[in-house]
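One structure is given here, and the rest of the page talks about it.
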Amino acid sequence: MDANYNPQQIETKWQRRWAELKLFDADVDPARKKYYVLEMLPYPSGALHMGHVRNYTLGDALARYMGMKGFNVIHPMGWDAFGLPAENAAIKHGRPPADWTFDNIAVMRGQLKRLGFSYDWRREIATCTPEYYRWNQWLFLKMYERGLAYRKKSRVNWCPECETVLANEQVVNGCCWRHEETPVVEKELEQWFLKITAYADRLLEDMRHLVRWPERVLTMQRNWIGKSPGTFVDFKVEGLDESLRVFTTRVDTIFGCTAVFIGPDHPLVEKLIRLSASPQKLRADAERIQAAATGSRAEASLEKVGAATGFHARNPFNGELIPVWLANFVLTEYGTGAVMAVPAHDQRDFEFCKTYGLPIRTVIQPKEQKLKEPLEEAFIEYGQLVDSGKYSGLTSEQAIEKMTRDAEAEGFGQGTVQYRLKDWGISRQRYWGTPIPILYCENCGIVPVPEADLPVVLPPRVKLTGQGKSPLESVPEFVNAVCPRCGGKARRETDTMDTFVDSSWYFYRYTDPQITSGPINSDAVRYWFPVDQYIGGIEHAILHLIYMRFFTKVMQDIGLVEFSEPVARLFTQGMVLKDGSAMSKSKGNVVDPTEMCDKYGADTVRLYMMFAAPPEKDLDWSDAGIEGAWRFLNRVYRLVEKHQAKLEVLQSTPHVMAVTPDRLTGEERNLLRKAHQVLRHVTEDMEYRWHYNTDIAMCMELANQLAESEAALAAGKIRDEVFRAAVELLVISLSPFAPHLADELWEALGHSEPLLKTPWPAFDPQLAAEEELEIPVQINGKVRARVLAAADASEEEIRRLALADEKVRQYLNGRQVIKVIVVPQKLVNVVVK
RNA sequence: GCGAAAGUGGCGGAAUGGGCAGACGCGCCAGACUUAGGAUCUGGUCCCGCAAGGGGUGGGGGUUCGAGUCCCCCCUUUCGCACCA
């Protein structure tokens, strides 16, 4: 062993050794239990950032631990390689997106390897290769066959910066998710959609299987799906032979309806303008209100603006004629785009009707006491119906059911369920993505590309301008095609798919990344799935993590997989910050992982990442903090190096089991107790909590105690083999976090097999147990003394010891003992007067 | 506004089926070894106090022999949803 810790040399050596031994290669083996550790694959932006390092270190520690526990661990990595930055780089530097992407992948793969992660690199995938995206196209065609992929003209979210369409999920506060300062604008375009709404109920329902997912993520998904059962009610508009259909969850309040509200862009508005007595005024009103409407502003407008249309509609429940108003807060895209206004029982309607002097009529009373009139705010709870004709006296719950049934029977309404979730628009007017495998034939119309013709390959050397039209439109040899049905002239779809399609099923591909007979190998999937542990950032809570669930359900319906949820357990880690805010190039506060590896080595970087904070919390990067991790690994290295000659024994099991506890000296007992306590702590933590920061702290305590034991070792009070056993347990406990150093030390201790081939030892509960405890003695809740007691001392014994203590007796002198509370192994509290 | 999570030394953080607050690390102070140290090692380090002692986990109340932990009110921060009828 070198006198000094040289991480560069050690890490290079072990990375080579691991590769030679194929330690991370995992293959299907029905005789062994499998464990699938998955981390979210990175976008090849050019450089790994510290967030990746944290994510992947968490997964790697688990993968190594599970490997030592004897599981057949699959731990793959790949590249989410399609996307806009490649194209933008191409526009800026004139390099083809593919070149830029693959160069970045090469750099980042090197960074991952430098960090020593235990990936099975044979399974690496890049989503931008035709071998991969061919199956995006295949899955798209399967969805098309089932009516789950469809085309429609619709108002879409357009990011002027990206020059492309965004999915609803990609709009954040009215701005683009990649350009937080850029407001999204609306455009009318023909788009391809995936019918995720058809799966809304299953996405909700199956959440009951996701018991090991963070509640936060499930809540976000539940809100996003926004299931809401209610009733459609048709209001006949006077002077039109048309009904205005509203959606309400509170049909029980309909006798309090004093108006009908529609959004300024409701389809009926044009017709109303045409038939209006004062069309110019109505058009002007609609435009004015549109300008004040939700969605046209980044911040939610608080002020309610509206105008009467001059038209009236009839409430089918009581025959009352009520005015139809335009209102800026009505969302055209939700429900029917029209609502009944019940100011007494809906806060928004209340505010609106107050402003415009529309009547407010109470029809629901709380069960205990009557409402004070006039109302100061809407009463929105359930209650009892009043002034509601034959429904008066019913509870809200009863009324909703009965009135919905009656509406259906009378033919002016029906029960329904509405969702906030909308279909997933996947068309992107960009080049660097999966071509949508569709042809437009002059005779046959929309024709899917036959499976045999897949993949539809992206043409190379396309001129990219970023001008808003799909770049593929300018490539005649791509666009011009022959219709597979009639042989006539056809035009190829030039939009590409949202890259979230790529990442919705990649984790299946890992189990057989080269298969050409289908997207996945069902046998391999059967063995490896579900993913036992998925790790990634919370920012994907509703994008990737809902799309991925949707895809699995579709794949189940197609018969590709036999289950409905792909991920058994999800962990969302906190962000890595610098000086309190996210690292970014523009802030100039980026810490480069490779630079840190050059300075300290991968083990130090990894150890620090795990030590600085529990994994679910944000971690503020500290240059001083990583120094501490570096010093600790140096101490451990020197400790082993110093005693190596004594400790090296060519024997491959820890010595500890050969030493019987009752023949140990007190010093030996203390040392082994600590060592087994550390092992116990790390083992239990690995199983369920992952507070690796505390595991590492325990390792530090053991290292400190080993250093303190050196005198006893020299004096012969601790035998070499006992000291060695403790050192080995330290090395093992540390190995998931600092695997290179651990293997180096393990070898130095005389072992010929690397740690991943060494079974994770079971801690010895007897050795880990305390024999004697220091029990604090409180007088009236204040600690006044401490007594030593055997760990198994009875309540009576402890009580006697406590009351006999000199200090305690001083405090009790002259006072009356009222009560003595003894908690065995914990404390004594003497209550005195 | 609604919902969730969280507020502990100078800093990152330990300790929650109620039971020694501040493990471990950083920083700081003192010392040792050194020509020197930003290397290493030793000791100290919640606050007030010379001490005895007292105070202390965002603030206020409560339950309890005992509260960082449980209950109520308030404040702050972060995240999510923000007119979804």
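Values below: all heavy atoms of this structure, side chains included; hydrogens, waters and symmetry mates excluded. Within every chain, numbering begins at 1; the chains are lettered A, B, ... in the order of the sequence lines, protein sequences first and strands thereafter. What you see is a predicted model, and the numbers here were worked out from it, not measured in a lab.
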Taking C-beta and beyond as the side chain, do M50(A) and L619(A) meet within less than 4.5 Å on heavy atoms? no
Nearest-nucleotide 5' precedence on RNA chain B, E701(A) against I821(A): E701(A)
Taking the six-membered ring where the residue is Trp, are the ring centres of F611(A) and F737(A) under 6.0 Å apart? no
Using a 4.0 Å heavy-atom cut-off, does D349(A) contact any base of the nucleic acid, only the sugar-phosphate backbone, or nothing at all? nothing
Interatomic distance where NE2 belongs to H345(A) and P belongs to C83(B) [whole Å]: 23 Å
Between A14(B) and N693(A), is there an OP1 or OP2 to side-chain N/O distance shorter than 4.0 Å? yes
Checking all strands, does Y811(A) fall into the base, sugar-phosphate, or nothing category for heavy-atom contacts under 4.0 angstrom? sugar-phosphate
Between F247(A) and T694(A), which is nearer to the 5' end of RNA chain B once each is assigned its nearest nucleotide? T694(A)
Between K578(A) (NZ) and G12(B) (C1'), how many Å, whole number? 15 Å
Separation between the P atoms of U40(B) and A51(B), rounded to whole Å: 33 Å
Base, sugar-phosphate alone, or nothing: which one does T248(A) contact when heavy atoms must sit under 4.0 Å apart? sugar-phosphate
Take atom CZ of F352(A) and atom C1' of C83(B), then tell me their distance rounded to the nearest Å. 13 Å
Interatomic spacing from CD1 in I364(A) to CZ in F255(A) - rounded to 0.5 Å: 10.5 Å
Can you tell me the distance, in whole Å, between the CD atom of E627(A) and the C1' atom of G38(B)? 9 Å
Assigned partner base of U78(B), Watson-Crick or wobble definition, under 3.5 Å: A4(B)
Students often get this wrong, so: under 4.0 angstrom with heavy atoms, is N780(A) touching a base, only sugar-phosphate, or nothing? nothing
Donor-acceptor pair under 3.5 Å, K304(A) side chain vs C83(B) base: yes
Looking at E710(A) and K642(A), does any basic side-chain N land under 4.0 Å from a carboxylate oxygen? yes
Base-pairing assignment for C83(B) (Watson-Crick or G-U wobble, both under 3.5 Å): none
Applying a 3.5 Å limit to both distances, which nucleotide forms a Watson-Crick or G-U wobble pair with A15(B)? none
Could you tell me whether the side chains of T249(A) and S228(A) share a donor-acceptor contact shorter than 3.5 Å? no
Which is true for G628(A) with a 4.0 Å heavy-atom rule: it touches a base, it touches only sugar-phosphate, or it touches nothing? sugar-phosphate
Classify the angle between the aromatic ring planes of W424(A) and Y547(A) as parallel (below 30°), tilted (30 to 60°) or perpendicular (above 60°). parallel
Of the listed nucleotides G19(B), G80(B), C84(B), the one nearest the side chain of M220(A): G80(B)
G68(B) - base-pair partner by Watson-Crick or wobble geometry, distances under 3.5 Å: none
Winner on side-chain proximity to V831(A), out of G19(B), C24(B), C65(B), is C65(B)
Where does the angle between the aromatic ring planes of W690(A) and F571(A) fall among parallel (under 30°), tilted (30 to 60°) and perpendicular (over 60°)? tilted
Does a side-chain N-to-carboxylate-O contact under 4.0 Å join E376(A) and K354(A)? no
So N829(A), base contact, sugar-phosphate only, or nothing? Heavy-atom distance under 4.0 Å. base
Does R689(A) reach a base, just sugar-phosphate, or nothing at all? Heavy atoms under 4.0 Å. sugar-phosphate
C47(B) versus G66(B) - spacing of their C1' atoms, nearest Å: 23 Å
State the syn/anti category of G9(B) according to its glycosidic angle, syn meaning within 90° of 0. syn
C33(B) pairs with, by Watson-Crick or G-U criteria that keep both distances under 3.5 Å: none
Is there a side-chain polar atom (N or O) of Y334(A) under 4.0 Å from OP1 or OP2 of A85(B)? yes
Where the side chain of A613(A) is defined as all heavy atoms beyond and including C-beta, which of C83(B), G19(B), G13(B) is the nearest nucleotide? G13(B)
Taking U69(B) as the reference, what is the distance to G7(B) when you measure between their C1' atoms (whole Å, please)? 14 Å
Considering just the side-chain nitrogens and oxygens of R216(A), establish if one lies under 4.0 Å of OP1 or OP2 belonging to G3(B). no
When rounded to the nearest Å, what value does the distance between P atoms of A5(B) and C72(B) take? 13 Å
Proximal nucleotide (of A14(B), U40(B), C83(B)) relative to the R638(A) side chain: U40(B)
Taking the ring of W621(A) and the ring of Y608(A), is the distance between their centroids below 6.0 Å? yes
Rounding to an integer number of angstrom, what distance separates G58(B) and A52(B) when you compare their C1' atoms? 32 Å
For a quick test of reading the model: is some side-chain N or O of N223(A) closer than 4.0 Å to OP1 or OP2 of C84(B)? no
Applying the Watson-Crick and G-U wobble criteria at under 3.5 Å, what pairs with U63(B)? Answer none if nothing qualifies. none
Checking all strands, does K782(A) fall into the base, sugar-phosphate, or nothing category for heavy-atom contacts under 4.0 angstrom? sugar-phosphate
Rounded distance in Å - CG (D695(A)) to P (A23(B)): 18 Å
Is the phosphate of G3(B) approached by T219(A) (side-chain N or O, under 4.0 Å from OP1 or OP2)? no
What does V823(A) touch in the nucleic acid at a heavy-atom separation under 4.0 angstrom: a base, only the sugar-phosphate, or nothing? base
Using a heavy-atom cut-off of 4.0 Å across all strands, would you classify Q778(A) as base, sugar-phosphate, or nothing? base
Spacing of Q347(A) atom CD relative to C84(B) atom P, expressed in whole Å: 11 Å
G9(B) and G68(B), which share atom name P, separated by this distance in whole Å: 14 Å
With respect to the phosphate group of G27(B), does any side-chain polar atom (N or O) of R631(A) fall under 4.0 Å of OP1 or OP2? yes
To the nearest Å, how far apart are K617(A) NZ and U8(B) P? 8 Å
Spacing of the C1' atoms in U16(B) and A6(B) (rounded, Å): 14 Å
Partner nucleotide, any strand, of C20(B) [Watson-Crick/G-U, under 3.5 Å]: none
Distance, P atom - from G59(B) to C11(B), rounded to whole angstrom: 15 Å
Base partner of C28(B), which must satisfy Watson-Crick or wobble distances under 3.5 Å: G44(B)
Between R784(A) and C20(B), is there a contact of a side-chain N or O with OP1 or OP2 at under 4.0 Å? no
How long is the line joining CG of N704(A) and P of C26(B), in whole Å? 10 Å
Rounded to the nearest 0.5 Å, the CE atom of M686(A) sits from the OH atom of Y692(A) at a distance of 4.5 Å
